[in-house]
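What follows is one structure encoded as structure tokens, with my remarks underneath.
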Amino acid sequence: MTTDRLTITRPDDWHVHLRDGAMLRDVLRDTARQMGRAIVMPNLVPPVVTSADAAGYRERILAALPDGAPFQPLMTLYLTDATTPDEIERAKASGLVHGVKLYPANATTNSSRGVTDLRNCAATLEAMQGIGMPLLVHGEVTDPDIDVFDREAVFIDRVLTPLVRDFPQLKIVLEHITTTAAAEFVHAAPANIGATITAHHLLLNRNAMFAGGLRPHHYCLPVLKREVHRRALVSAATSGSSKFFLGTDSAPHSKHAKEAACGCAGIYTAHAAIELYAEAFDAAGALDRLEAFASFHGADFYGLPRNTGTITLERASTPVPETLPVGGHDLVPFRAGTTVAWRISPG
Ligand SMILES: NC(=O)N[C@@H](CC(=O)O)C(=O)O
Ligand SMILES: [Zn+2]
Ligand SMILES: [Zn+2]
């Protein structure tokens, strides 16, 4: 029997880029339309490195929210070589900061001030472990000798495995996992290790970057992988394991920044996020597992209450515009000019 309507507890997005300035208001509307809360990434220019930065950014988000939207931003700090244990204490005491993000220096968009060597952060990681502040990880090595498709797997061997050994109580979220290696690592790890999975990594393999020509709107980091990896991610997301939860990594860049000689990494999915996950779960015959993945596992991992409201999804082929106006520029959303198979019921 196929399900055409599905009511679930309002989901949360445990990894999203809302940006700042002119872009913020437009992308926030998409996220706030469906998500109860979101873990907001700190890779602004300049990055969100102190609790004071996070509090200021949170105020700008709240000011940009549509009236009456029941959305709560959950703030993060950007870890640098210079982040102190005191800053972690302040972050915890603020009650606003829910994670600290590790970007290996130059691994991805706006990561130039990221960590050059995790050994510089030992005292800070110790403080995070002690007070239960999660470390959120962009898990790719930056060594130019490592093939771009292997950067996540090598990160797990070289960085994550020793990190878990040295800080066994540290809560860690391996963000936007893309490989069998990552799914297996997280499955086998203790309960303090979780992972987010994006909709686009559940729906696409790397062929999508080269379908009939170069497709910059399918370029993100970590880059799309082979079909065998996509299948492993679908298995993990639909397994029912509480270690895996929804994190869109919706990462807006303007059309001109993507369609360029050196195009930016990032895929925009916030306009249809839960709808795209519904497609992926439906294709796997696992719609009954969507609610726990989207609305329970993340909240439980972060030690936050589950949302109480609901949303209803209905099966209906829904067009996606060629472009969306975002901050005065055109942005090309995921599925631009085509359709998504689900929509949120208006009534
Ligand atoms: N995922 C991406 O391709 N890009 C993200 C950064 C990130 O999450 O690595 C961005 O900020 O644009
Ligand atoms: Zn990342
Ligand atoms: Zn991201």
Side-chain angles (χ1 to χ4, degrees), residues 11-19 27 30-31 34-35 37-41 43 76 99 101 103 107-109 136-140 149 151-152 155 173-183 186 194-209 215-227 229-239 241 243-253 258 264-284 286 289-290 293-295 297-298 301 320 331-336 340 342:
D12 299 304
D13 187 345
W14 300 97
H15 180 135
V16 74
H17 300 271
L18 297 179
R19 312 300 192 208
V27 301
D30 281 345
T31 291
Q34 51 176 254
M35 301 296 174
R37 294 165 291 195
I39 285 278
V40 182
M41 288 295 131
N43 62 333
T76 60
K101 183 69 190 266
Y103 291 103
T108 187
T109 305
L136 317 181
V137 178
H138 180 106
E140 290 193 287
F149 292 95
R151 287 183 184 174
E152 184 176 270
F155 181 91
V173 184
L174 189 54
E175 301 287 342
H176 48 43
I177 61 169
T178 64
T179 56
T180 306
V186 173
T196 54
I197 306 181
T198 76
H200 48 277
H201 288 103
L202 292 174
L203 291 165
L204 300 180
N205 66 37
R206 66 189 190 179
N207 287 355
M209 281 187 298
R215 301 284 180 174
H217 300 292
H218 288 157
Y219 174 59
C220 65
L221 289 170
V223 71
L224 295 170
K225 303 295 192 302
R226 285 178 181 276
E227 176 64 7
H229 298 290
R230 187 193 70 81
R231 285 174 190 249
L233 300 178
V234 171
S235 295
T238 60
S239 67
S241 163
K243 298 171 139 285
F244 299 100
F245 36 93
L246 186 159
T248 61
D249 193 22
S250 180
H253 293 277
K258 295 281 297 172
C264 291
I267 296 179
Y268 188 72
T269 52
H271 62 295
I274 193 67
E275 299 90 326
L276 292 165
Y277 283 103
E279 269 193 24
F281 275 64
D282 191 25
R289 300 259 165 104
L290 178 63
F293 174 81
S295 316
H297 296 163
F301 184 92
V320 177
L331 174 148
V332 179
F334 192 72
R335 293 276 172 82
V340 176
W342 292 79

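Since the structure is predicted, the reported quantities are computational estimates derived from the model, not experimental observations. Computed from heavy atoms alone, side chains included, the values below leave out hydrogens, waters and symmetry copies.
The two residues S239 and F244 come nearest to each other via the heavy atoms OG-CD1, 4.4 Å. Considering every non-hydrogen atom in both P11 and S295, the closest pair reads CA-OG, 3.5 Å. Contact between V234 and A284 at its shortest, heavy atoms only, is CG1-CB, 3.7 Å.
Of the possible polar contacts, none joining the R289 side chain to the A237 backbone as a donor-acceptor pair under 3.5 Å is found. Listed for the D12 side chain is a donor-acceptor partner under 3.5 Å among the backbone atoms of R37. Between the Q34 side chain and the I274 main chain, a donor and an acceptor come within less than 3.5 Å of each other. K258 places a side-chain N or O within donor-acceptor distance of the main-chain N or O of Y219, the cut-off being under 3.5 Å.
Considering CG of L276 and CH2 of W342, their distance stands at 12.5 Å, rounded to 0.5 Å. Rounding to the nearest 0.5 angstrom, the gap separating the CG atom in L246 from the OG1 atom in T196 is 8.5 Å. For the atom pair CD of E227 and CZ of R230, the computed distance is 4.0 Å after rounding to the nearest 0.5 Å. Distance check: L136 CG to M41 CE gives 5.5 Å after rounding to the nearest 0.5 Å. To the nearest 0.5 Å, the span separating NE2 on H176 from CG on D249 amounts to 4.5 Å. With rounding to the nearest 0.5 angstrom, the CZ atom of R215 is 13.5 Å from the CG atom of L224.
Residues P333 and H217 are not in side-chain contact: their nearest non-hydrogen atoms beyond the backbone lie 4.5 Å or more apart. Looking only at side-chain heavy atoms (C-beta outward), H17 and V27 stay at 4.5 Å or farther from each other. With a 4.5 Å cut-off on side-chain heavy atoms, N43 and R19 count as touching. You'll find the side chain of F301 stays beyond 4.5 Å of the side chain of W14, heavy atoms only. Here the side chains of V173 and F245 are in contact, with some heavy-atom distance below 4.5 Å. Contact of the V340 side chain with the E279 side chain is registered, since non-hydrogen atoms from C-beta on lie closer than 4.5 Å. Looking at M35 and V16, their side chains never come closer than 4.5 Å, going by heavy atoms from C-beta outward. In this structure the side chain of F293 never reaches within 4.5 angstrom of the side chain of T238, judged on heavy atoms.
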Output, in order, the C-alpha distance, side-chain angles, deciding distance and verdict of side chain to side chain contact (heavy atoms under 4.5 Å, CB included) for R206 and R226. CA-CA 6 Å; R206 66 189 190 179; R226 285 178 181 276; 3.2 Å; yes
- Run the side chain to side chain contact (heavy atoms under 4.5 Å, CB included) check on H138 and L221 step by step: do they pass? CA-CA 9 Å; H138 180 106; L221 289 170; 4.2 Å; yes
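For the residue pair H229/T179, the side-chain donor-acceptor check at 3.5 Å is not satisfied. For the residue pair H218 / H200, no side-chain donor-acceptor distance below 3.5 Å is found, with atom types taken as modelled. With no hydrogens or angles considered, a side-chain donor-acceptor pair links T178 and K225 at under 3.5 Å.
With sequence neighbours excluded, the residues forming a side chain to side chain contact (heavy atoms under 4.5 Å, CB included) with N207 are N205, listed by chain and number.
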Could you pull out every donor-acceptor pair under 3.5 Å between side chains of residues 265-273 and any protein atom, sequence neighbours left out?
| unit_1 | atom_1 | unit_2 | atom_2 | d |
| --- | --- | --- | --- | --- |
| Y268 | OH | D30 | OD2 | 2.6 |
| H271 | NE2 | F334 | O | 3.0 |

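In this structure, E275 does not pair ionically with R335, as no charged nitrogen and carboxylate oxygen lie closer than 4.0 Å.
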